[in-house]
2 protein chains.
Amino acid sequence: MKVSREQMAVNRERILEAAGRLFRERGFDNVGVADVMREAGMTHGAFYGHFASKEALAAEAAAHALEKTTARWNEILDSAGERGLREIVDSYLSPKHRDAPGGGCAIASLGAEVSRQESELREAFAGEIGQMLEALAAYMPGNSQEHRKEQAMALLAQMVGAIVISRALGRKAMSDEVLAAARKAVKLGS
Amino acid sequence: MKVSREQMAVNRERILEAAGRLFRERGFDNVGVADVMREAGMTHGAFYGHFASKEALAAEAAAHALEKTTARWNEILDSAGERGLREIVDSYLSPKHRDAPGGGCAIASLGAEVSRQESELREAFAGEIGQMLEALAAYMPGNSQEHRKEQAMALLAQMVGAIVISRALGRKAMSDEVLAAARKAVKLGS
DNA sequence: ATTATCTATAGATCTATAGATAATGC
DNA sequence: ATTATCTATAGATCTATAGATAATGC
């Protein structure tokens with residue numbers, strides 16, 4: 001049942017993708033290695049040929065998920081500039097994002113859990129948050145780099161908090177209102 | 001080893017308090033019934049005389065924790081009015097709160113996990129978030145009730161997101177900067 | 001007599017590993 | 001020959017329960 005060197009790389013990527021989705025949907029503790037492997041189309045035992053432990057997978061998958069979000073944002077910002085910023089904010093603060101955590105922002109879905117983990121995962125995650133803030137800061141209003149970074153931090157906090165609250169509220173009307181209130185509160189340059 | 005009716009009520013409260021602290025510190029899944037009972041000074045088996053299941057405890061403990069935060073806020077607001085609002089915001093967005101999740105805001109520590117749970121817990125938690133928003137809205141700037149509620153939602157989102165991000169960042173300098181940026185971004189009436 | 005708590009354990013679940021299997025790639 | 005994957009399982013952990021114990025309260 002051995003597969004080719006190329007196929008193995010594909011399989012590893014498939015495990016990372018499945019893990020990224022499942023972890024964001026259910027949280028680290030409610031996803032077993034066997035769940036991830038089933039989702040990726042392999043057996044439980046094959047996992048340990050790709051990763052040293054569940055913890056190592058969690059670190060890679062969480063960072064990988066955040067990285068993909070930042071990459072998407074950078075694409076939008078590079079092509080649409082400040083208008084892209086508004087697009088990112090409105091998309092983040094949408095019921096669609098709230099209802100699809102599996103492909104959404106990992107800070108909102110896994111941030112609290114990451115903060116309880118030590119070492120590897122924490123470091124990787126913190127680094128990716130830094131990248132994300134830099135991406136936003138480049139297009140924030142403000143006359144100094146420092147001010148723009150500050151604005152980016154406040155904006156990201158506004159967005160993450162709104163999604164966390166709206167998800168906790170569930171499908172209630174108030175949930176949509178929280179998203180709308182946050183969208184309205186975000187003032188972007190001219 | 002039977003205790004008095006009164007003592008039993010005290011014991012139940014002690015379980016709730018221990019659970020509230022441990023759940024906020026480690027998350028629901030990383031706390032066992034035995035951990036809670038050890039912390040409360042009883043044995044594992046005694047738990048099921050007080051609560052039907054771990055899930056029932058989680059629902060009560062999470063709602064209870066949020067309720068206590070809202071009660072504290074209402075006390076401050078009743079005595080200090082709009083000035084109290086600034087006090088609440090600055091205290092929420094402090095390194096002290098970031099570093100002490102066990103007694104802090106349950107939305108920031110447990111919000112994401114709550115949103116993955118069904119029924120009881122979700123409902124109780126959503127109701128408490130509503131109470132919390134009402135407490136804030138009463139003292140928010142704005143000329144209509146609707147506008148104040150909207151402002152309260154945006155404020156709570158700003159605060160929750162900043163704590164989630166700052167905790168994920170750990171003890172890095174950027175963590176303090178996020179809190180400071182959020183404090184600065186919160187504009188309260190006159 | 002009632003019942004809150006304790007001791008002990010059943011049953012389920014999860015991570016990680018050991019050894020077998022079979023396809024790749026030198 | 002090498003090695004990615006599979007089967008099977010050991011060992012740990014956790015929820016919930018059963019039966020025993022001992023103090024309360026009618």
Side-chain angles (χ1 to χ4, degrees), chain A residues 1-62 110 113 116-121, chain B residues 1-62 110 113 116-121:
Chain A
M1 284 283 183
K2 182 185 172 187
V3 300
S4 73
R5 203 165 280 263
E6 291 168 72
Q7 184 59 38
M8 194 191 179
V10 170
N11 286 351
R12 188 191 149 93
E13 186 69 16
R14 204 170 274 170
I15 295 171
L16 265 183
E17 294 285 336
R21 186 169 60 255
L22 291 177
F23 285 150
R24 279 178 284 182
E25 282 172 357
R26 306 184 206 162
F28 294 120
D29 295 327
N30 291 310
V31 176
V33 169
D35 295 321
V36 173
M37 293 304 278
R38 197 177 307 119
E39 193 80 2
M42 278 168 280
T43 60
H44 181 177
F47 174 77
Y48 294 90
H50 292 275
F51 296 92
S53 64
K54 184 187 175 182
E55 206 182 320
L57 171 68
E60 271 206 56
L110 298 172
E113 284 171 80
R116 293 177 201 122
Q117 304 278 337
E118 280 309 310
S119 67
E120 216 183 352
L121 206 174
Chain B
M1 284 284 182
K2 184 185 171 187
V3 300
S4 74
R5 204 167 279 263
E6 292 168 72
Q7 184 59 39
M8 196 192 178
V10 170
N11 285 350
R12 189 191 149 92
E13 186 69 16
R14 204 169 274 170
I15 295 170
L16 267 182
E17 294 285 337
R21 187 170 59 255
L22 291 177
F23 285 150
R24 279 178 283 182
E25 283 173 356
R26 306 184 205 161
F28 294 120
D29 295 327
N30 290 310
V31 176
V33 169
D35 295 321
V36 173
M37 293 305 277
R38 197 179 306 119
E39 193 80 359
M42 277 168 280
T43 60
H44 182 178
F47 173 77
Y48 294 90
H50 292 276
F51 297 91
S53 63
K54 182 187 177 183
E55 206 181 322
L57 171 68
E60 272 206 57
L110 298 172
E113 283 172 79
R116 291 175 202 125
Q117 303 280 336
E118 279 311 309
S119 67
E120 217 183 350
L121 206 174

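Residue numbers start from 1 in every chain, and the chains themselves are labelled A, B, ... in the order their sequence lines are given, proteins ahead of strands.
Applying the Watson-Crick and G-U wobble criteria (two distances, each under 3.5 Å), C:dA22 pairs with D:dT3. D:dT13: Watson-Crick or G-U partner is C:dA12, with both key distances under 3.5 Å.
Residue A:V36 is classed as having no contact, given no heavy-atom separation below 4.0 Å to the nucleic acid. Among the protein residues, B:G49 comes within range of no part of the nucleic acid, since none of its heavy atoms lies under 4.0 Å from any strand.
Remark: P of D:dT5 and CZ of A:R14 are 11 Å apart, rounded to the nearest angstrom. Between the P atom of D:dC6 and the CE atom of A:M42 lies a distance of 7 Å, rounded to the nearest Å. Taking atom CG on A:N30 and atom P on C:dT15, their separation rounds to 11 Å, with Å as the unit. What separates CZ of B:F47 from C1' of D:dA18 is a distance of 17 Å, to the nearest Å. We find that CE of B:M8 is positioned 13 Å from C1' of C:dT2, with the value rounded to whole Å. For the pair B:F23 CZ and D:dC14 P, the computed distance is 12 Å after rounding to whole Å. When rounded to the nearest whole Å, the span between CD1 of A:I15 and P of D:dT5 equals 7 Å. As a whole-Å value, the separation of B:M37 CE from C:dA8 C1' is 16 Å.
With D:dA4, C:dT5, C:dC6 as the choices, the nucleotide that has an atom nearest any side-chain atom of B:T43 turns out to be C:dC6. Ranking C:dA16, C:dT5, C:dA23 by closeness to the B:V3 side chain, first place goes to C:dT5. Side-chain atoms of A:H50 lie closest to D:dT5 of the nucleotides D:dT5, D:dA16, D:dT24. Taking only side-chain atoms of A:K2, from C-beta outward, the nucleotide of C:dA22, D:dA22, D:dT5 with the closest atom is C:dA22.
The pair A:R116-B:E113 meets the salt-bridge criterion, since a charged nitrogen lies less than 4.0 angstrom from a carboxylate oxygen.
Applying the 4.0 Å criterion to OP1 and OP2 of C:dT17, one finds that A:H44 has every side-chain N and O outside that range. One finds a side-chain N or O of A:N11 lying less than 4.0 angstrom from the OP1 or OP2 phosphate oxygen of D:dT5. Dashed line: the shortest gap from a side-chain N or O of A:K54 to OP1 or OP2 of C:dT15 is under 4.0 Å.
Minimum heavy-atom separation, B:G27 to B:L110: CA-CD2, 4.1 Å. Residue A:V36 comes nearest to A:V31 through the heavy atom pair CG2-CG1, 3.5 Å, listed as atom of the first residue, atom of the second, then distance. Of all non-hydrogen atoms in A:F23 and A:A58, the two that sit nearest each other are CE1-CA, 3.8 Å.
Heavy atoms from other residues, nucleotides or ligands lying under 6.0 Å from CD of B:E55 number 12 at most.
Between B:S4 and B:E55, it is B:E55 whose nearest contact on DNA chain D lies nearer the 5' terminus. Remark on DNA chain D: of its neighbouring residues B:R5 and B:Y48, the 5'-side contact belongs to B:Y48, judged by nearest-heavy-atom nucleotide.
Remark: B:M37 engages B:I15, B:V33, B:M42, B:A46, B:F47 in a side chain to side chain contact (heavy atoms under 4.5 Å, CB included) (not counting sequence neighbours).
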